[in-house]
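Keep in mind it's a predicted model, so treat the numbers as computed, not measured. These numbers come from the heavy atoms of this one structure, side chains and all, not from hydrogens, waters or symmetry mates.
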There are 2 protein chains.
Amino acid sequence: MDQVNLKKLAKELNLAVSTVSRALRDSHEISSQTKERVRELALKLGFQPNPHASSLRQNKSKTIAVIIPEIENNFFSQVINGIESVTPSKGYHVLIYLSHEDYNKERDILQLLRNGRVDGIMISVSNTTSNYDHIDAWRQAGIPVVLFDRTSEELDVPNIMTNDAEMAFKATEHLLKRGCKNIAFLGMAGNLSISNRRKVGYLSALEKFKIATPPQIVELTSKDYTNREILRKLFQDQPRPDGIFAAIEKFAVNTYEVCKEINLHIPQDVKVISFSNLQAAALFDPALSTIIQPAYDIGREAASILFKLIEKKMLMPYEKKMILPSQLIERASTAVTGQ
Amino acid sequence: MDQVNLKKLAKELNLAVSTVSRALRDSHEISSQTKERVRELALKLGFQPNPHASSLRQNKSKTIAVIIPEIENNFFSQVINGIESVTPSKGYHVLIYLSHEDYNKERDILQLLRNGRVDGIMISVSNTTSNYDHIDAWRQAGIPVVLFDRTSEELDVPNIMTNDAEMAFKATEHLLKRGCKNIAFLGMAGNLSISNRRKVGYLSALEKFKIATPPQIVELTSKDYTNREILRKLFQDQPRPDGIFAAIEKFAVNTYEVCKEINLHIPQDVKVISFSNLQAAALFDPALSTIIQPAYDIGREAASILFKLIEKKMLMPYEKKMILPSQLIERASTAVTGQ
DNA sequence: ACATTTTTCGAAATCGTTTGCAAAGAAATT
DNA sequence: AATTTCTTTGCAAACGATTTCGAAAAATGT
């Protein structure tokens, strides 16, 4: 409506538009008196420069995009929180996109953003993504990209993640030390590198401790219903697993649900440990042993690295592949039961 | 870099820029043959119009902002999910801002957005917000605003929320019917209308059932540590509450933590019910009775209404104040114990 | 007093898209 | 055949901020 713009300020002050613009950007070629006059009026009228005009002229949007598979997941919420801990101070804005674990959506989103709407993107790929050309196209175009958590070895872009294999090893080792003989790994369908890392940790623990029973790798999805179906079958088979290592929180929840339903006792009949960022895990019945990922830090670091790229700063070697350690919290779901 | 724009397309096709533009927007004044030629090349070169140029020219950004107090809360995550269920099909983009329960941040964010960066905003106010002028300024400027969940009666903008008072009444009634004599209400500090609505429901239930013991209203914050401190004191006082009605999930979690710590048994010693959107509430020890808010629907409806405003459509009367019902799920934390 | 530098400011081009208006040609009407 | 109408296209002016270039004014040096 009565939008206040540079022209209006200039007219009011009897100055040229260019002078007003320079004054507000604190240019050295404007006298401090005029700067003061300009700033005063700008403040009084609540002037905010039109972002589209600036973006068009300067060819930068002061906006980044965050593309995640889903948001109803504590991990990703915490990551966003971490990202938001850096963006405002940089004067940046954050666009959120959900791929809903769908490669086509992910590709379309990236295509949609391909014309200056954002200065960089942070992405955690969907579990149906196996081709990374849509991401590589950005790298080729010279637009900063950072991958976090669900990363890819194929792409020459910074990866920020946690020590998945190591923690998966420890989780499996933990179950073995608590007496489990037959541990099943609940992984995500698809061939995400993160799932592979966790699977590798699981397998190498079994190998290191020379477990005779073959590994049991169960692939679950994002659908609670089918997951429970699969888990019911799993627990009916002989030999029944006496240890469950869930690669993601949702699968642990599904496991609890099914155990309750078919009257299997945790930890007596089966012990459970899971990657999870839920504060309430300690309140579960029984309290769930978890591997907590540094989600907030991952978001913060990933954003910081993205800004370094945007500002064309050099990255330190360790910033190209940053691994932030997770933490294993032992609780009742993996306790030894005397029987 | 080698950005493809209208000028490039025009030159390639030997057409005027305006013709290409019109062809891509499917204008009636362009022959179908040229349209075809233009579209073909545009597709081949992967042309995406520069959003800043369009926004500048058309004075609309195809972007909305969502301002929430925090994101590490299942409720708000689900709301965002609901919002995102409408935005892509409208060709809109979603900016996320966190006020961190800080009125000043909230005001600054709104100020920052005041120049066409967004076509509308959706906001759930912070609990330190008691003055609504910063929001009213938007309404006055004619830019669409929608409030959700944490709404305000003062403002003449659409409010989308749940039936807080009614459900608070039911929750309190539920505790009373399960034998509680001394129910404490855990509300949020500040004077949010949503807290008031829930408090009113609590009080009117006590009144209706002619409870002699005075109401006990406890104000908690977003800091776990201080909350636990306060709760410890609460449980030491005599008479000790035998029922807890938590207005938000976090407070129920804090209650569980403290009860575990000081060895109070739920539901024998104290029964607990809470507003909560956590799927895992059923897995708590004991399973937590909850009032589930239709978070996804709130997000979806709020976004739909915002788009109606943006498209300058008339709102139905019920859309100006939309109340979506919550659901009470009774679980073990409010079970009657035979003793 | 004159030349030179420095300071301060304005005019105009620019970013890429959209759109009002004019113009040219084809088709239809009289 | 002359006129009007319709279709299709191009030209040029927006949108608002930034920035290059250059001019005027002031300050400095000789």
Side-chain angles (χ1 to χ4, degrees), chain A residues 1-39 41-42 45-63 91 93 112-119 141, chain B residues 1-39 41-42 45-63 91 112-119:
Chain A
M1 314 301 110
D2 56 337
Q3 283 293 36
V4 33
N5 51 26
L6 284 187
K7 206 192 289 183
K8 187 167 290 181
L9 288 183
K11 182 181 275 183
E12 187 87 13
L13 293 163
N14 246 332
L15 288 172
V17 173
S18 51
T19 308
V20 178
S21 171
R22 274 187 272 248
L24 290 171
R25 322 191 93 240
D26 202 23
S27 160
H28 68 277
E29 41 184 343
I30 301 295
S31 73
S32 42
Q33 309 154 43
T34 32
K35 272 186 196 170
E36 202 37 61
R37 284 209 308 142
V38 171
R39 277 200 278 251
L41 186 66
L45 301 186
F47 170 75
Q48 285 284 117
N50 182 308
H52 305 119
S54 324
S55 295
L56 176 58
R57 182 60 225 257
Q58 304 195 92
N59 198 29
K60 57 179 166 178
S61 61
K62 287 278 182 179
T63 306
H93 301 257
L112 190 67
L113 296 177
R114 277 298 294 283
N115 220 314
R117 189 179 291 272
V118 297
D119 297 342
Chain B
M1 314 299 109
D2 55 339
Q3 282 294 38
V4 34
N5 53 24
L6 285 186
K7 207 192 288 183
K8 187 167 289 180
L9 288 182
K11 182 181 273 183
E12 187 88 12
L13 293 163
N14 247 330
L15 287 172
V17 172
S18 52
T19 307
V20 178
S21 171
R22 274 188 267 252
L24 289 171
R25 320 188 95 240
D26 203 24
S27 160
H28 67 277
E29 41 184 348
I30 301 296
S31 72
S32 43
Q33 310 153 44
T34 32
K35 273 186 196 170
E36 201 39 59
R37 284 185 42 205
V38 172
R39 276 200 278 251
L41 186 67
L45 301 186
F47 170 74
Q48 284 283 115
N50 181 307
H52 306 119
S54 316
S55 295
L56 176 59
R57 181 60 226 254
Q58 303 196 91
N59 198 30
K60 57 179 166 178
S61 61
K62 286 278 181 180
T63 306
L112 190 68
L113 296 177
R114 277 298 295 283
N115 221 315
R117 190 179 291 271
V118 297
D119 296 344

Has [X] got a side-chain N or O lying under 4.0 Å from the OP1 or OP2 atom of [N]?
| X | N | value |
| --- | --- | --- |
| Ser54(B) | dG16(C) | no |
| Ser55(A) | dA17(D) | no |
| Ser31(A) | dT7(C) | no |

Worksheet item: Which nucleotide sits closest to the side chain of Thr34(A): dG16(C), dA17(D), dC9(C)?
Response: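 Given the options dG16(C), dA17(D), dC9(C), the side chain of Thr34(A) is closest to dC9(C).
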Worksheet item: Which listed nucleotide (dA17(D), dT17(C), dT9(D)) is nearest to the side chain of Ala53(B)?
Response: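 The closest nucleotide is dT17(C).
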Worksheet item: Between Gln58(A) and Gln58(B), who's closer to the 5' end of DNA chain D by nearest nucleotide?
Response: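 Going by which nucleotide is closer to the 5' end, it is Gln58(B).
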Rounded to whole angstroms, how far apart are [atom1] on [X] and [atom2] on [N]?
| X | N | atom1 | atom2 | answer |
| --- | --- | --- | --- | --- |
| Asn115(B) | dC15(D) | CG | P | 14 Å |
| Phe47(B) | dG16(C) | CZ | P | 10 Å |
| Lys7(B) | dG10(D) | NZ | P | 16 Å |
| Asn59(A) | dT19(D) | CG | C1' | 14 Å |
| Leu15(B) | dC11(D) | CG | C1' | 14 Å |
| Lys11(B) | dG10(D) | NZ | P | 15 Å |
| Leu6(A) | dA11(C) | CG | P | 15 Å |
| Asn14(B) | dG10(D) | CG | P | 8 Å |

Discussion item. Classify Asn50(B) by what it touches in the nucleic acid, base, sugar-phosphate, or nothing, heavy-atom distance under 4.0 Å.
Written reply: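 Sugar-phosphate only.
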Discussion item. So Ile30(A), base contact, sugar-phosphate only, or nothing? Heavy-atom distance under 4.0 Å.
Written reply: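 Counting heavy atoms under 4.0 Å across all strands, the contact made by Ile30(A) is with sugar-phosphate only.
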Worksheet item: Between Phe47(A) and Leu41(A), is any pair of side-chain heavy atoms under 4.5 Å apart?
Response: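 Heavy-atom side-chain distance check fails, nothing below 4.5 Å.
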Worksheet item: Do the side chains of Lys35(A) and Leu24(A) get nearer than 4.5 Å, heavy atoms only?
Response: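 Answer no - side chains too far apart.
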Practice prompt. Taking only heavy atoms on the protein side, list every residue of residues 20-29 of chain A lying under 4.0 Å from any atom of DNA chain D, sorted numerically.
Written response: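 Ser21(A), Arg22(A), Arg25(A) - these, ordered by number, are the residues of the stretch whose heavy atoms sit under 4.0 Å from the strand.
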Worksheet item: Has the side chain of Ser18(B) got a donor or acceptor atom sitting under 3.5 Å from an opposite partner on the base of dC11(D)?
Response: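 By the distance-only test, yes, there is a pair.
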Discussion item. Applying salt bridge (charged side-chain N to carboxylate O under 4.0 Å, His left out) as the test, list every pair that has at least one member in residues 15-24 of chain B; sequence neighbours left out.
Written reply: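 Only Arg22(B)-Glu29(B) qualify under salt bridge (charged side-chain N to carboxylate O under 4.0 Å, His left out).
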Worksheet item: What pairs with Thr63(A) under side-chain contact (heavy atoms from CB on, under 4.5 Å), at least two apart in sequence or on another chain?
Response: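 Per chain and number, Thr63(A) pairs via side-chain contact (heavy atoms from CB on, under 4.5 Å) with Ser61(A), His93(A), Leu95(A), Val118(A), Leu95(B), Arg117(B).
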Worksheet item: With sequence neighbours excluded, what pairs up with His52(A) under the side chain to side chain donor-acceptor pair (under 3.5 Å) test?
Response: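 His52(A) satisfies side chain to side chain donor-acceptor pair (under 3.5 Å) with no residue once adjacent residues are dropped.
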Fill in: Ser18(B): side chain to side chain donor-acceptor pair (under 3.5 Å) partners, not counting sequence neighbours
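Not a single residue meets the side chain to side chain donor-acceptor pair (under 3.5 Å) criterion with Ser18(B).
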Discussion item. Among residues at least two apart in sequence or on other chains, which ones pass salt bridge (charged side-chain N to carboxylate O under 4.0 Å, His left out) with Arg39(B)?
Written reply: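 So Arg39(B) forms a salt bridge (charged side-chain N to carboxylate O under 4.0 Å, His left out) with Asp26(B).
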